[in-house]
Amino acid sequence: MEKISYLKSFSLTFLGSAPGWYKVFIISCLIINPIMTMINPVISGWMLVLEFIFTLAMALKCYPLQPGGLLVIEACLTGLADMENVRHEIGANLEVILLLMFMVAGIHFVRDLLLFVFTKILVKIRSHLALAILFSFLGAFLSAFLDALTVLAVIISICMGMYSLYHRTICGPDANVRVSDDRLVPEEFKDDLEKFRAFLRSILMHAAVGTALGGVCTLVGEPQNLIIGEIAKWDFVQFAIRMSPVSVPVVICGFITCLIIEKFKLFGFGQEMPESVHKILVENDKKTMENLTNRDKIKLVVQAICCVWLVVALALHLAAVGLVGLSIIILATAFCGVISEEEIGKSFTESLPFCSLLCVFFTVVTVISQQELFVPLINWVLSAPKEDQLPIFYMANGILSAVSDNVFVATIYVQQVFNALQAGVIDQAHFEHLAVAINTGTNLPSVATPNGQAAFLFLLTSALAPLIRLPYVKMMWMALPYTIVLTVVGLIGTWFILPGLTDTYVDMGLLHSVNLVK
């Protein structure tokens, strides 16, 4: 009886309130994986990748850090990944971690201004079509010059503020209830709350895909763009022109897709903001304007200056994105009078769990690298006939980026292609075409899954996702029309438009090549 009691207690404490079958699954993986590692490390590596993706899919039932972390700790202990290589992988992505630590916290201290501005927008614009295009455009435009994670963090902060405002208002001023608790939501508001969740899901997914649309266009749009541009010796203008045969049609078709799925209410899109929500936003905006004190106005002005500094610093790359975020924390807190350690600490509650999860993810990437899981596919692509390599590179990068880190995939592929150029296997023009295929391949088809892009993964694991009922599978379903359109248009652009239009640009003198062969 005592043994049974201990087992029951263990089943209750292990992974907390996660479903029982999920606990059994994780324990089974922990038992099977070491055995498979002894038999075949490559198969064991692929099993770990699939298991980690599954933990992401279960994010709303159990945060992926714990089950995913247990799996990668065991992988390190059994030799699938060397800890020094893990440290190197995390170190190589230090800028991304600093970004999450400080930029997301920095956004927390300018949220009053953001909520003020976007409440004005949502109060004035009633058309869900116009709002969808606006958020998609903002996501694309800002991501082309800033960072996708920063852009999405801003939009998540805005949506979280609106959701919290509505939830608190309908539960009543005396109801001491968390925004995750719907038990005190009056019956007459439950239907509107579900509609508001659907509205926020639409806004966020349009914005998230917008970051991918803008991210493919410029040298600073995504981290892998910088790596590719550095190897190919392309500056900002050269990079944008070289990507334009693919990026311009993709952006246009992406916005058209946004209009169509909103207009015809497809794939979970098209939900208008409920009238009760709009009424609360109007009343809150009116009350805010009436109760604005001189101190409040000074705070808004300070936060506006901080936002201007944020845009200028990121656009001109005056410092690493994370360090710019740290400067926002210092400036906004100093001039808005926030000097309590406890209040500053609250700003990190959103980002630090994801930072921890990202380190686990980089350990999985280390397993992929150390066990050379992608090498057979890379070798097969490089052995294909030259005329077939552009579409094959594009799709191979897209598929791998959807299940792995697109920065890692792009780095591996562009280095392999550069080595082929140095060895005389391919010529300079073909290398430049392949570099475009690699960039577009890692940026576009990767919207298929939440783990394909860091911004999507951040949204999935944010505190907002469970509130608006946005799990892994739902994100994949809502991204599906974009995935199809972006992948197909990108493939057509890479395969058919890119070679001819690039030659035209060269003839016009818009492009020049730097001799990369030593």
Side-chain angles (χ1 to χ4, degrees), residues 105-135 137-139 141-142 151 153-179 185-186 188-189 192-193 195-197 199-200 202-204 206-207 271-311 328-329 331-340 343 346-347 350 464 467-468:
I107 296 302
H108 174 84
F109 292 109
V110 295
R111 68 192 186 285
D112 293 338
L113 174 70
L114 296 173
L115 188 57
F116 179 83
V117 171
F118 277 85
T119 298
K120 292 284 186 185
I121 292 173
L122 291 167
V123 165
K124 299 297 182 183
I125 302 176
R126 295 292 288 130
S127 168
H128 67 98
L129 277 173
L131 285 172
I133 287 294
L134 175 64
F135 275 83
F137 173 78
L138 284 174
F141 180 78
L142 293 175
V151 174
V154 170
I155 296 173
I156 289 173
S157 178
I158 293 159
C159 292
M160 188 70 177
M162 290 191 298
Y163 182 87
S164 300
L165 171 66
Y166 181 66
H167 195 275
R168 286 196 310 269
T169 304
I170 61 176
C171 289
D174 299 326
N176 186 19
V177 61
R178 294 182 301 173
V179 290
V185 174
E188 64 268 23
F189 286 108
D192 278 357
L193 180 60
K195 290 179 180 178
F196 187 40
R197 284 170 172 154
F199 170 78
L200 291 178
S202 297
I203 291 297
L204 280 164
H206 286 312
Q271 177 62 56
E272 297 184 21
M273 183 190 295
E275 189 59 40
S276 65
V277 179
H278 182 256
K279 183 179 178 182
I280 287 172
L281 290 178
V282 170
E283 290 175 354
N284 181 71
D285 181 57
K286 183 180 179 182
K287 188 184 299 182
T288 301
M289 294 302 296
E290 290 174 351
N291 296 332
L292 271 182
T293 64
N294 289 336
R295 187 177 179 184
D296 293 329
K297 292 176 182 178
I298 291 172
K299 285 183 178 180
L300 291 176
V301 171
V302 167
Q303 292 178 23
I305 293 171
C306 288
C307 288
V308 171
W309 157 246
L310 172 68
V311 173
I328 294 293
I329 296 174
L331 293 171
T333 54
F335 289 97
C336 290
V338 179
I339 56 173
S340 165
E343 191 167 351
K346 290 177 183 177
S347 66
E350 177 76 12
L464 182 62
L467 298 179
I468 61 173

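Once rounded to the nearest 0.5 Å, the distance linking CE of Met160 with CG of Leu200 reads 11.0 Å. With rounding to the nearest 0.5 Å, the separation of CD in Gln271 from CZ in Phe199 is 9.0 Å. Taking CG from Asp192 and OG from Ser276, the interatomic distance works out to 3.5 Å, rounded to the nearest 0.5 Å. One finds the OG1 atom of Thr288 at 11.5 Å from the CD atom of Glu283 (value rounded to the nearest 0.5 Å). Of the inter-residue distances, the one linking Leu204 atom CG with Cys159 atom SG reads 4.0 Å to the nearest 0.5 angstrom. The distance from atom CG of Leu464 to atom CD1 of Ile158, rounded to the nearest 0.5 Å, is 11.5 Å.
Using a 4.5 Å heavy-atom threshold, the side chains of Ile107 and Ile156 count as separate. A heavy-atom distance below 4.5 Å is not found between the side chains of His167 and Phe196.
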Listed pairs under 3.5 Å, donor-acceptor, residues 294-301 side chains, sequence neighbours left out:
unit_1	atom_1	unit_2	atom_2	d
Asp296	OD2	Thr293	N	3.2
Asp296	OD2	Thr293	OG1	3.0

Name the atoms and distances for all side-chain donor-acceptor pairs under 3.5 Å in residues 332-339, with sequence neighbours left out.
unit_1	atom_1	unit_2	atom_2	d
Thr333	OG1	Ile329	O	2.5
Thr333	OG1	Ile330	O	3.2

When the side chains of residues 123-135 are checked against the rest of the protein, which donor-acceptor pairs come out under 3.5 Å, sequence neighbours left out?
unit_1	atom_1	unit_2	atom_2	d
Arg126	NH2	Glu275	OE1	3.1
Ser127	OG	Leu129	N	3.3
Ser127	OG	Ala130	N	3.2
His128	ND1	Glu262	OE1	2.7

Next on the checklist: Quick one, Ile280 with Ile170, criterion side-chain contact (heavy atoms from CB on, under 4.5 Å). Give me CA distance, side-chain angles, the key distance, then yes/no.
Outcome noted: CA-CA 9 Å; Ile280 287 172; Ile170 61 176; 4.0 Å; yes
Item to check | Chi angles and distances behind the side-chain contact (heavy atoms from CB on, under 4.5 Å) call for Asp112, Gln303 | outcome: CA-CA 8 Å; Asp112 293 338; Gln303 292 178 23; 3.5 Å; yes
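Applying the salt bridge (Lys or Arg N to Asp or Glu O under 4.0 Å) rule to Lys120 yields the partners Asp285; only residues at least two apart in sequence or on another chain are considered. With sequence neighbours left out, Asn284 forms a side chain to side chain donor-acceptor pair (under 3.5 Å) with no residue at all. The side chain to side chain donor-acceptor pair (under 3.5 Å) check on Ser347 picks up nothing, with sequence neighbours excluded.
Among Ile305, Ile328, Leu331, Val110, the one residue that satisfies the side-chain contact (heavy atoms from CB on, under 4.5 Å) test with Leu310 is Ile328.
The two residues His278 and Leu122 come nearest to each other via the heavy atoms CD2-O, 3.8 Å.
Ring geometry for Tyr166 versus Phe189: interplanar angle over 60°, hence perpendicular rather than tilted (30 to 60°).
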